[in-house]
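On a predicted model such as this, the values are computed, not experimentally measured, just so you know.
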Amino acid sequence: MVSVSVMTCGTGISQYANANISVYPNPSTAVFNIQGSAELGVVEVYNTIGKLVLKTMVKDTQTQIDLSKQAAGMYYIILQEKNIKVSKQ
């Protein structure tokens, strides 16, 4: 079983902040959902040492991420739409 915790961090980017990004359940036991009011774009997930563990293109407002093959811990999520980045940690 993997425990995944996600915390919001500030980005200073107000353009994408209106997308209302939600990550749930948090903490998770390996599978969690990302939902926004706009297309998510590129979703990247990094572990705490900065290694990219997942990268996917999402052309929808929601997706489900499965980290069951990863070690328990905290992961950082970066959502990219064009030249705008939003981080969740």
Identify, with sequence neighbours excluded, every residue that meets side-chain hydrogen bond (donor to acceptor under 3.5 Å, both in side chains) alongside N47. none
Within the 4.5 Å heavy-atom criterion, are L79 and V42 side-chain neighbours or not? no
Less than 4.5 Å apart, any side-chain heavy atom of I34 and any of V43? yes
The reported gap from CG in N26 to CZ in F32 (rounded to nearest 0.5 angstrom) is 8.5 Å
Ignoring hydrogens, what is the shortest heavy-atom contact between T48 and M74? Give both atom names and the distance. CG2-O, 3.1 Å
Y24 side chain to Q35 side chain, donor-acceptor N/O pair below 3.5 angstrom: yes
Would you compute the distance between atom OG of S28 and atom CG of N33 and round it to the nearest 0.5 angstrom? 8.5 Å
Nearest 0.5 angstrom please: I77 CD1 to E44 CD, how far? 11.5 Å
The reported gap from CG in D66 to CG in L54 (rounded to nearest 0.5 angstrom) is 9.0 Å
Identify, with sequence neighbours excluded, every residue that meets side chain to side chain contact (heavy atoms under 4.5 Å, CB included) alongside T61. none
Answer yes when K59 and E39 have at least one side-chain N-carboxylate O distance shorter than 4.0 Å, and no when they do not. no
Take L67 and V31 through the test side-chain contact (heavy atoms from CB on, under 4.5 Å) and record every step on the way to the result. CA-CA 6 Å; L67 295 180; V31 178; over 6 Å; no
Mind checking whether Y76 and V45 have side chains closer than 4.5 Å, heavy atoms only? no
Begin with the C-alpha distance, continue with both residues' side-chain angles, and end with the deciding distance and a verdict on side-chain contact (heavy atoms from CB on, under 4.5 Å) for Y46 and K51. CA-CA 5 Å; Y46 294 86; K51 179 182 175 189; 6.0 Å; no
